[in-house]
Novice: 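The structure that follows is given in the form of structure tokens.
A quick note: this is a predicted structure, and the numbers were derived from the prediction, not measured.
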Amino acid sequence: MADVNQLLGRLQSLESEIAEVGAEDSTDVQFLRRTYRNICETLILQAYDVAAANNIEARLWKTAFYETIHASRQTIAREKKRPSSGDAMATARLFCASIDAASAWYRQLLCRLQATYGLKLPMLVDTERVGLAAVLQPCTRQQPPAESDRSHAVMGSVHRCLVSLGDLQRYRAQAAGSDDADYAAARSYYLQAIALLPGVGMPYNQLAVLHTYQSDFLGACYCYCRSICISTPFATAKDNLRLLFTQLQKRLDQPAGKSPIRANTTSMLRDRFVHTVGLLHSGSSFGSELSNLLNDMAEVLHGDAHACVTSEGTLQRMACIAMFTVDAIPPDSHARIHERAVAFLLDLLATLLEATQSLEHSGAALAESHRAIHLLCNWLQLHVAQWWSSDLQRVDHRMWALLVSFLNGLVASTPLPDTFVPSQFSQIEALEEDVETVGFLLLQSNTNERLMPPATNPRLTRAMCLLAFGSWAARHLSVSDDGGGSARAPLYESPWWTAGEAGSTQQLFSLEQFESSAMEVEAQQQQQQ
């Protein structure tokens with residue numbers, strides 16, 4: 001290999017030459033860019049520390065690929081406004097060919113990174129030949145090797161290659177010109193990047209962009225939240241989320257008959273949910289919007305159309321967005337808005353708990369509801385200080401009485417092991433929602449930090465997790481049937497859950513005792529952090 005300093009100097013010279021010709025794509029310019037790519041690849045594969053210190057990967061993407069891609073996309077957009085010219089399709093074909101060449105180059109770099117640095121990454125597959133399920137299945141079960149600091153650093157390069165491949169496939173799908181552009185390949189690359197390094201926010205932001213193309217505001221909102229509430233947030237994700245709220249508001253403000261959103265469809269619930277979240281973030285008043293939304297959601301969950309709300313992880317996404325909303329609104333400077341956000345989360349949980357009473361015992365809708373309930377209960381236990389205050393009405397929220405009924409139903413319907421003791425239960429198998437929320441800081445706990453085998457009996461594992469939460473709640477909370485604090489509801493009625501004197505019903509701790517217990521829990525969490 002030539003002297004490193006000479007290579008770095010040559011790169012700077014090439015950058016100046018390429019900058020002078022701009023987006024020109026002559027044979028001579030192609031040669032310059034090809035030379036530039038080769039030097040960058042040499043540095044990445046043979047002098048990785050130097051490449052990292054000099055930000056070679058970002059410079060490579062910008063100089064060798066993105067500048068010409070950006071110019072070509074602008075040209076295609078202009079020509080599409082003049083369909084009579086007939087140039088748009090020809091330009092798009094040339095553009096797609098250049099995207100394919102760039103994708104091939106990045107796939108080759110991925111292979112060379114693995115070979116050069118001895119990485120074992122079985123989750124990296126040819127996404128153009130296999131389905132999305134085949135991508136997700138292996139990548140959610142793998143753990144990046146940690147043999148050395150170098151291996152960990154190179155993982156970042158692999159991650160950036162995957163994001164770049166996702167971007168390239170996204171640009172290609174857009175250039176195809178179809179209203180039903182297929183973004184599956186782009187999505188699969190972003191998901192692989194997330195599986196590799198779940199603490200990096202950029203691929204979540206890119207997934208959100210894909211959702212906006214399809215007017216899926218809930219999916220976009222969820223991905224932006226994940227891109228923000230993560231170890232390495234994406235820089236512009238907060239601005240992008242605010243822009244999303246604004247775009248949705250404009251759609252909703254359109255006159256009846258012109259708006260692409262129909263108020264009488266179940267799909268509207270997803271957009272109304274995001275709209276309500278946007279109102280909370282902006283501090284706006286939403287009048288009866290929240291109660292109407294939850295009433296309509298309950299009606300859909302109780303009815304035959306519940307699949308429209310429970311498909312594709314919709315309820316889990318709503319749960320995570322509600323958690324994010326509470327966390328994003330500081331209670332010290334925006335106390336009233338924070339209270340409303342907490343009430344929003346508790347109302348959502350209450351709606352889900354109530355809906356489970358009418359869903360079939362072994363259906364997809366029930367399983368999806370239980371997954372969302374599990375996530376919300378995890379958050380309640382992890383973030384006592386976020387939702388607890390001296391306001392007793394919050395503890396007397398109707399959700400707690402519904403939770404009592406729900407837990408008693410689990411006890412009655414679940415064949416629990418004879419050795420199961422909820423207060424001593426420790427989860428050792430990963431549930432689907434645990435895998436989905438890895439990297440989400442608001443659910444950061446031992447459960448989703450460590451790699452666990454998939455649950456062999458997800459329904460049983462989830463039930464035991466929820467009953468363990470109930471055991472925790474029984475030691476710290478008090479439930480009132482009428483909101484006045486007089487009547488206490490039993491938590492469990494099963495023989496293995498007894499407490500107090502003979503003949504008495506098991507009840508949750510009193511509100512007075514909860515104050516000191518909650519403070520102890522908060523202190524323990526701060527020590528662990």
Novice: Could you check whether Tyr190 and Asp167, counting side-chain N and O atoms only, form a donor-acceptor pair closer than 3.5 Å?
Specialist: yes
Novice: Just by modelled atom types, is the Leu280 backbone N or O under 3.5 Å from a matching donor or acceptor in the Ser284 side chain?
Specialist: no
Novice: For the residue pair Tyr189 / Arg170, report whether a side-chain donor-acceptor contact shorter than 3.5 Å exists.
Specialist: no
Novice: Determine whether the aromatic ring centres of Phe217 and Phe273 lie less than 6.0 Å apart.
Specialist: no
Novice: Got a second to check how far Thr314's OG1 is from Tyr222's OH, nearest 0.5 Å?
Specialist: 11.5 Å
Novice: Please round to the nearest 0.5 Å and tell me the distance separating atom OG of Ser164 and atom CD of Gln206.
Specialist: 9.5 Å
Novice: Are any side-chain N or O atoms of Gln427 and backbone N or O atoms of Glu429, one a donor and one an acceptor, separated by less than 3.5 Å?
Specialist: yes
Novice: Which one of Gln316, His374, Arg371 satisfies the side-chain hydrogen bond (donor to acceptor under 3.5 Å, both in side chains) criterion with Glu433?
Specialist: His374
Novice: Less than 4.5 Å apart, side chain to side chain, heavy atoms only: is that true for Ser98 and Thr68?
Specialist: no
Novice: Less than 4.5 Å apart, any side-chain heavy atom of Tyr183 and any of Tyr213?
Specialist: yes
Novice: Measuring only between side-chain heavy atoms, which start at C-beta, is Leu32 closer than 4.5 Å to Tyr36?
Specialist: no
Novice: For Leu442 and Leu382, which heavy atoms make the closest approach, and how far apart are they?
Specialist: O-CD1, 4.0 Å
Novice: Can you check whether His70 and Phe65 have ring centres sitting under 6.0 Å from each other?
Specialist: no
Novice: Once rounded to the nearest 0.5 Å, what's the spacing between atom CZ of Phe469 and atom CH2 of Trp379?
Specialist: 10.5 Å
Novice: Arg33 and Ile18: which non-hydrogen atoms are nearest, and at how many Å?
Specialist: NH2-CG2, 3.8 Å
Novice: Considering only heavy atoms from C-beta outward, does the side chain of Leu244 approach that of Cys221 to under 4.5 Å?
Specialist: yes
Novice: Rounded at 0.5 Å granularity, tell me how far OG1 in Thr276 sits from CZ in Phe245.
Specialist: 10.5 Å
